[in-house]
**Student:** 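Below you will find the structure I want to go over with you.
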Amino acid sequence: MTLMKDHSNSQQPVGIFDSGVGGLSVLRAIQKLLPHENLLYLGDQAHIPYGPRLKAKIRAFAFEITSFLLEQGAKLIVVACNTASAAALVELRQYFPEIPFVGMEPAVKPAAETTQTGKVGVLATPTTFSGDLYASVVERFAKNVMILQDTCPGLVESIEAGEMQGGETRQILEKALDPMLAEGIDTIVMGCTHYPFVIPLIQSITGPGVRIIDPAPAIARQTRRLLDHHHILNLEQIPGKVRYFTTGEIDKFSKLLTVLLGQTGPVEKVFWREILKLGDDLSTHPG
Ligand code: DGL
């Protein structure tokens, strides 16, 4: 069923997903660069956080969500989650060969190219750090750079709770950043799509001398490149529409949408049992 649909119509939406509201940092960049694209966004808040979960479980979620977004007519999928990309991107591309995917990996390359001290901090989830994608970017681009990593336990939950400013969120960040700063890092990579929402707080801890890399604009450019390559860029000169879905609570998602993006939008609840029904034909997927 899913695979029978036509995904080549330029007015069809771009599907974007994350474990929660983190991928909105990517959606924001896509809206800025591609204001005429129609978008679908799904936050799997019923299962957040993904970071500490088993890879096979995350992969199963990613397959079901992709299937749901394709069923809604998505022409391209942006996996706006480093963790889901680490767990599932290779398999998604294999299973849905006709669908273009944009995935995420920590932006170690630009960090390694520009660091002056030769020391770079990376903030990401445990699954992202333990994946082959991350190992491969470090191996390829950061051989001569010292990388300091931290998983910032609790930070995703704080952001999902709308706590972007102080208190516990600051404590989590100080615990991660103080040792990195003491070591002499001059660059920090946001290896989780939730973290760009606390960049002002991070910068207040690091001071202005540390460069913070948010990969979202590069992901938006890659989305444009792929749409263009497949001749499915929406060339209509009218503002694109967005449909937001959450597997969690509508109210919670709506409030965060306002806090994080200053947007209001109808938010639709999607139940996992509906997603699973659509995914029946995925029972043999490599998850
Ligand atoms: N936003 C996700 C990422 O980019 C992770 C959040 C989570 O642990 O669920 O990795």
Side-chain angles (χ1 to χ4, degrees), residues 15-30 41-62 64-66 77-90 92 101-108 111 121-135 137-138 149-164 169 172-173 176 188-199 202 212-220 222-223 244-249 252-253 256-257 259-261 272:
I16 305 169
F17 76 90
D18 178 44
S19 59
V21 292
L24 292 176
S25 64
V26 176
L27 175 135
R28 174 172 63 184
I30 291 175
Y41 183 91
L42 187 140
D44 187 14
Q45 290 176 304
H47 294 128
I48 197 156
Y50 276 7
R53 288 179 186 272
L54 289 175
K55 276 199 185 72
K57 196 80 197 158
I58 301 166
R59 197 176 301 140
F61 295 152
E64 306 300 356
I65 293 168
T66 298
I77 301 286
V78 180
V79 185
C81 176
N82 291 263
T83 309
S85 296
L89 188 59
V90 171
L92 285 170
F101 282 90
V102 177
M104 316 233 11
E105 60 189 23
V108 168
V122 182
L123 308 182
T125 68
T127 301
T128 299
F129 281 134
S130 65
D132 294 342
L133 263 183
Y134 180 68
V137 286
V138 170
Q149 300 174 183
D150 202 285
T151 58
C152 300
L155 187 55
V156 166
E157 290 89 331
S158 293
I159 293 167
E160 288 281 326
E163 288 153 18
M164 252 66 70
T169 313
I172 294 169
L173 282 168
I188 303 181
V189 175
M190 303 289 98
C192 168
T193 53
H194 279 75
Y195 300 168
F197 290 119
V198 287
I199 285 178
I202 294 175
I212 298 171
I213 300 184
D214 172 5
I219 295 299
Q222 176 63 4
T223 303
Y244 295 102
F245 299 93
T246 178
T247 58
E249 293 161 31
K252 198 175 158 203
F253 189 97
L256 283 166
L257 194 56
V259 173
L260 299 176
L261 297 191
W272 261 95

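Start at 1 and go down the list; that is how both ligands and their atoms are numbered. Keep in mind it's a predicted model, so treat the numbers as computed, not measured.
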**Student:** For residues 149-159, please give each side-chain donor-acceptor pair under 3.5 Å, one per line with the distance, not counting sequence neighbours.
**Tutor:**
from: Gln149; atom 1: OE1; to: Tyr134; atom 2: OH; distance (Å): 3.0
from: Asp150; atom 1: OD1; to: Cys152; atom 2: N; distance (Å): 2.7
from: Ser158; atom 1: OG; to: Gly154; atom 2: O; distance (Å): 3.2

**Student:** Could you list each nitrogen or oxygen of ligand 1 that sits under 3.5 Å from a protein nitrogen or oxygen, with the atom names and the distance?
**Tutor:**
from: ligand 1; atom 1: 1 (N); to: Asp18; atom 2: OD1; distance (Å): 3.0
from: ligand 1; atom 1: 1 (N); to: Thr193; atom 2: OG1; distance (Å): 2.9
from: ligand 1; atom 1: 1 (N); to: His194; atom 2: ND1; distance (Å): 2.8
from: ligand 1; atom 1: 4 (O); to: Asn82; atom 2: N; distance (Å): 2.9
from: ligand 1; atom 1: 4 (O); to: Asn82; atom 2: ND2; distance (Å): 3.2
from: ligand 1; atom 1: 4 (O); to: Thr193; atom 2: N; distance (Å): 2.8
from: ligand 1; atom 1: 4 (O); to: Thr193; atom 2: OG1; distance (Å): 3.2
from: ligand 1; atom 1: 8 (O); to: Tyr50; atom 2: N; distance (Å): 3.3
from: ligand 1; atom 1: 8 (O); to: Gly51; atom 2: N; distance (Å): 2.8
from: ligand 1; atom 1: 9 (O); to: Ser19; atom 2: OG; distance (Å): 2.6
from: ligand 1; atom 1: 9 (O); to: Tyr50; atom 2: N; distance (Å): 2.6
from: ligand 1; atom 1: 10 (O); to: Asn82; atom 2: N; distance (Å): 3.4
from: ligand 1; atom 1: 10 (O); to: Thr83; atom 2: N; distance (Å): 3.1
from: ligand 1; atom 1: 10 (O); to: Thr83; atom 2: OG1; distance (Å): 2.6

**Student:** Closest approach of Val26 and Met104, non-hydrogen atoms and distance?
**Tutor:**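 Minimum heavy-atom contact is CG2-SD, 3.9 Å.
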**Student:** Do Ser19 and Asp44 have side-chain atoms, one donor and one acceptor, less than 3.5 Å apart?
**Tutor:**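 On atom types as modelled, these side chains do not qualify, holding no pair under 3.5 Å.
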**Student:** Atom CZ in Phe253, atom CG in Leu260: separation rounded to 0.5 Å?
**Tutor:**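 Answer rounded to 0.5 Å: 9.0 Å.
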**Student:** Under 4.5 Å between any side-chain heavy atoms of Val21 and Gln45, yes or no?
**Tutor:**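 SC-SC contact between Val21 and Gln45 confirmed.
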**Student:** At what distance, to the nearest 0.5 angstrom, does CD of Glu249 lie from CG of Leu256?
**Tutor:**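 Glu249 CD to Leu256 CG: 10.5 Å, rounded to 0.5 Å.
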